[in-house]
Amino acid sequence: MAEPKDNVVMEKIVSLCKRRGFVFQSSDIYGGINGFWDYGPLGAELKRHVKELWWRSMTRMRDDVVGLEATIIMHPRIWQASGHVDTFSDPMCDCLLTRKRFRADQVDPQSGLAYHYSGARATVAGRALQAPYSVLLPPGKPPESARKVALQFYQARGLQNVELQGERTEKVENSQRYNPENGSLLTPPRPFNLMFKTYVGPVADEDNVAYLRPETAQAIFAQFKNVLETSRQKPPFGIAQMGKAFRNEVTPRNFTFRSREFEQMELEFFIPPDEAVEALRGRVATPSGPGHPGEPQPDWGWQLWHQYWVEERLRFYEGIGLPRTSLEEYWQKPEELAHYARATVDLLFKFPFGTQELEGIAARSDFDLSQHQRCSGKSMTVFDEELKTAWTKLEPAHQTELADRYRAARSRYLQRAGEPVEAAEKQAAEDATQLARGYYIPHVIEPSAGVDRLILALLTHAFAEEETTDEKGKKETRTLMRFHPRVAPIKAGVFPLLKNKPELVRKAREVRELLRPHFNVFYDEAGSIGRRYARQDEAGTPFGVTIDFDTLGEKPEALDTVTVRHRDDGRQERVPIRDLVAWLTARTV
RNA sequence: GCGGGCGUAGCUUAGUGGUAAAGCUCCAGCCUUCCAAGCUGGCUAUGAGGGUUCGAUUCCCUUCGCCCGCUCCA
């Protein structure tokens, strides 16, 4: 995925973002804070439009998705069930010589003779360094190789012509304290918690630790039963949520791409397990080829649902101005998948700094709800009357086959989750019995997108520079943001051709008031008309509405019409004022 | 977290151990009949803290931030 990086373009974009008010550094006047960014007036509008379009396409335009708005701080056990407490806090240690980082529990245990040193002295300058250090010498290697590593260590700390001090040796068995590659001592294991920790209530002690959510998804799983029971939905259906999430990233980089506080748009789409679909419909439909599989069908299995959501999401991106040519689909290889995932597709965008993930669409099996069922003790099953009836009509052999498949899958999950084999088998058999009675834990397809990454993608995709030559032959660079009109922060600029003609100004203000209830419009009378167009080009405003003398009736046939000027090509057309709202609506909604 | 580079106005850059310069932007006024025109005037900066010095934007230290590489990325 390595690509040539274009820093110059990124720097121009960052500069424009600040200059025009798209993105500012958080806490700027105090020197900023690493990994946090604010949206200025134009950025806030852009982000709002993107979120509204997502919410609209995911919930309002569909019968089968409902919304949720959960808190950022939740019961800490949620993060134990999800696995975040464990996976976010692996102790890490670094090689003292090469700085290479290891997960403390994954270092290959080493045996041999450890050479300990209390410090070293520079023979020429006479400088001494009191810094304990050790090297592990594997069996059969000469002691000189251990000393050589130790010399490198002290030389790296600024000593010349090193003389080692306080050498002593010690037998070591199966130690994880040394780098298997060079024998160098590692730093002590240090916890690496990527979740932001806080305390609920005024007393900050370990009993009331809580975390800022590192993803919005878990709230959806935790509220699954409440939503199911109140929304009159049943699988296949989804719960959508937008909201802030927090990760204490090791290295925030690439402008807003990897921030510590960021916003997600996530859908958890719940489907019956394939065994239930087969019992109900007699078969499980699987993808017949690439592309959008069309309207959802009752016999779809997880693979078709997964493909469906990948294609739906691609359509969404196309609809807001990111063509397929700007995106890449990456199907994770089996060895890259999380253990609970059956398939994951990353939608990548070609950023100037490399091709990077915008959204992941994961088929997550029934892992998430199962985890919460186990950890909370509350049932996460769905009852399907139709399934219960259909099951009784199956051939006994078919019943056995489906129940076996379901039981095996449940057992695999339970064993991976750490249940002893015997208990897992027993529980899985019970789950299979429940399936026959119409109860199952839904499987999940999860399209999970980063809002701020998408905003950055839109910004970098929209950014354009054009060389223009004015009438004096002077070359100029015109900067413009070619946002899709649907996401553009300002939909139209409204300008009187001249500022010092009160009748033009009055009419222009009327037009502004006419448009204001429908669109974000910007009135500007300062400077030449060309300058005002150029200012709006940098803000990415797709249309300029200019009130001139024809509007006032200089040419009677043009009375009450305005010039509409197109951002991308400077084209102009004449539109009657009474048609303006409809004209703009057709192009910006 | 480690190593390297950088930090002067809103932006892009200049410069100096002794009054901080310019272009663009922005604001006000005049002018202007469709693409950054012109004239006049104006606002705004040495990232922060400490040290050396009579005096520091310049030298030193610390810190914060940005960029690059490494590392990490459930």
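Within every chain, numbering begins at 1; the chains are lettered A, B, ... in the order of the sequence lines, protein sequences first and strands thereafter. Note that the coordinates shown come from a computational prediction; the quantities given were computed from them, not determined experimentally.
Residue-to-nucleotide contacts include a donor-acceptor pair under 3.5 Å from the side chain of A:Arg565 to the base of B:rC35. For A:Gln572 against B:rC34, a side-chain N or O and a base N or O form a donor-acceptor pair under 3.5 Å.
One side chain, A:Thr477 or A:Glu467, offers a donor N or O that lies under 3.5 Å from an acceptor on the other. Of the N and O atoms on the side chains of A:Arg574 and A:Thr563, at least one donor lies less than 3.5 Å from an acceptor on the other residue. For the 3.5 Å distance criterion, the side chains of A:Gln415 and A:Tyr413 fail to qualify, holding no donor opposite an acceptor.
Toward the 5' end of RNA chain B, the nearer of the two residues A:Phe549 and A:Phe36, judged by each one's closest nucleotide, is A:Phe549.
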With 3.5 Å as the limit, what N/O pairs link the protein to nucleotides 39-45 of chain B?
none

Protein-nucleic acid N or O pairs under 3.5 Å, nucleotides 61-65 of chain B:
residue: B:rC64; atom: O2'; partner: A:Gly31; partner atom: O; Å: 3.3
residue: B:rG65; atom: OP1; partner: A:Asn34; partner atom: N; Å: 3.0
residue: B:rG65; atom: O4'; partner: A:Gly31; partner atom: O; Å: 3.1
residue: B:rG65; atom: O3'; partner: A:Gln25; partner atom: NE2; Å: 2.7
residue: B:rG65; atom: O2'; partner: A:Gln25; partner atom: NE2; Å: 3.1

Please enumerate all protein N or O atoms sitting under 3.5 Å from an N or O of nucleotides 10-12 of chain B, with distances to 0.1 Å.
residue: B:rC11; atom: OP1; partner: A:Lys18; partner atom: NZ; Å: 2.9
residue: B:rC11; atom: O3'; partner: A:Ser15; partner atom: OG; Å: 2.9
residue: B:rC11; atom: O2'; partner: A:Ser15; partner atom: OG; Å: 3.4

Taking N or O atoms only and anything under 3.5 Å, show me the protein contacts with nucleotides 30-32 of chain B, one pair per line.
residue: B:rU32; atom: OP2; partner: A:Asn500; partner atom: ND2; Å: 3.4
residue: B:rU32; atom: O4; partner: A:Lys499; partner atom: N; Å: 3.3

For residues 13-26 of chain A, run the donor-acceptor check on the side chains, cut-off 3.5 Å, and write out each pair with its distance to 0.1 Å, sequence neighbours left out.
residue: A:Arg19; atom: NH1; partner: A:Glu538; partner atom: OE1; Å: 2.9
residue: A:Arg19; atom: NH1; partner: A:Glu538; partner atom: OE2; Å: 2.9
residue: A:Arg20; atom: NH1; partner: A:Glu538; partner atom: OE1; Å: 2.6

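Of the candidates B:rU33, B:rA74, B:rC34, the closest approach to any side-chain atom of A:Ala338 belongs to B:rA74. When distances run from any side-chain atom of A:Ala534 to the nucleotides B:rA74, B:rA36, B:rC73, the shortest one goes to B:rA36. Comparing B:rC34, B:rC26, B:rA74 by their closest approach to the side chain of A:Asp548 singles out B:rC34. Side-chain proximity of A:Asn254 to the nucleotides B:rC34, B:rC68, B:rC26 is greatest for B:rC68. When each of B:rC70, B:rA74, B:rU33 is scored by its nearest atom to the side-chain atoms of A:Arg253, the top-ranked nucleotide is B:rC70.
Taking only side-chain nitrogens and oxygens, A:Arg531 never comes nearer than 4.0 Å to OP1 or OP2 of B:rC35.
Nucleotide B:rA21: paired with B:rU13 (Watson-Crick or G-U wobble, both distances less than 3.5 Å). Figure legend. B:rC2 is base-paired to B:rG69; pairs are counted as Watson-Crick or G-U wobble with both atom distances under 3.5 Å.
The separation of B:rG15 from B:rG51, taken at their P atoms, amounts to 30 Å, rounded to a whole angstrom. With both ends at atom C1', the span from B:rU12 to B:rC60 equals 30 Å, rounded to whole Å. On the P atoms, B:rG1 is 16 Å away from B:rU62, given to the nearest whole Å. To the nearest whole angstrom, the two C1' atoms, one in B:rA14 and one in B:rA9, are 13 Å apart. Taking atom C1' in both B:rC6 and B:rU46, one finds a spacing of 14 Å when rounded to whole Å. With both ends at atom P, the span from B:rG38 to B:rG49 equals 40 Å, rounded to whole Å.
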Assess the residue pair A:Ser370 and A:Tyr340 against the criterion (side chain to side chain donor-acceptor pair (under 3.5 Å)); give the C-alpha distance rounded to whole Å, side-chain angles, the decisive distance to 0.1 Å, and a yes or no. CA-CA 11 Å; A:Ser370 298; A:Tyr340 48 77; over 6 Å; no
What's the verdict on salt bridge (Lys or Arg N to Asp or Glu O under 4.0 Å) for A:Glu525 and A:Arg509, showing C-alpha distance, side-chain angles and the deciding distance? CA-CA 10 Å; A:Glu525 59 180 32; A:Arg509 290 201 164 130; 3.7 Å; yes
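A straight line from CE of A:Met195 to C1' of B:rA74 spans 10 Å, rounded to a whole angstrom.
For A:Phe463, there are no ring-ring contact (aromatic ring centres under 6.0 Å, His included) partners two or more places apart in sequence or in a different chain. Applying the salt bridge (charged side-chain N to carboxylate O under 4.0 Å, His left out) criterion to A:Arg512, with sequence neighbours excluded, gives no partner residue. Scanning for side chain to side chain donor-acceptor pair (under 3.5 Å) contacts around A:Asp346 gives A:Gln332, with sequence neighbours left out. Applying the ring-ring contact (aromatic ring centres under 6.0 Å, His included) criterion to A:Phe262, with sequence neighbours excluded, gives no partner residue. A:Phe221 pairs by the ring-ring contact (aromatic ring centres under 6.0 Å, His included) definition with nothing, not counting sequence neighbours. In terms of the side-chain contact (heavy atoms from CB on, under 4.5 Å) criterion, residue partners of A:His484 (sequence neighbours excluded) are, by chain and number, A:Arg486, A:Val487.
Residue pairs meeting the ring pair (Phe, Tyr, Trp, His ring centres under 6.0 Å) criterion with at least one partner in residues 526-557 of chain A, sequence neighbours excluded, are A:Phe495-A:Tyr533, A:Phe543-A:His566, A:Phe543-A:Trp583.
Among the heavy atoms of the strands lying under 4.0 Å from A:Phe255 are primed sugar atoms or P, OP1, OP2 only; no base atom is included.
A:Ile547 contributes atom CD1, which lies 13.0 Å from atom CD of A:Glu503 (distance to the nearest 0.5 angstrom).
Nearest heavy atoms, A:Val135 versus A:Ala150: CG2-N, 4.0 Å.
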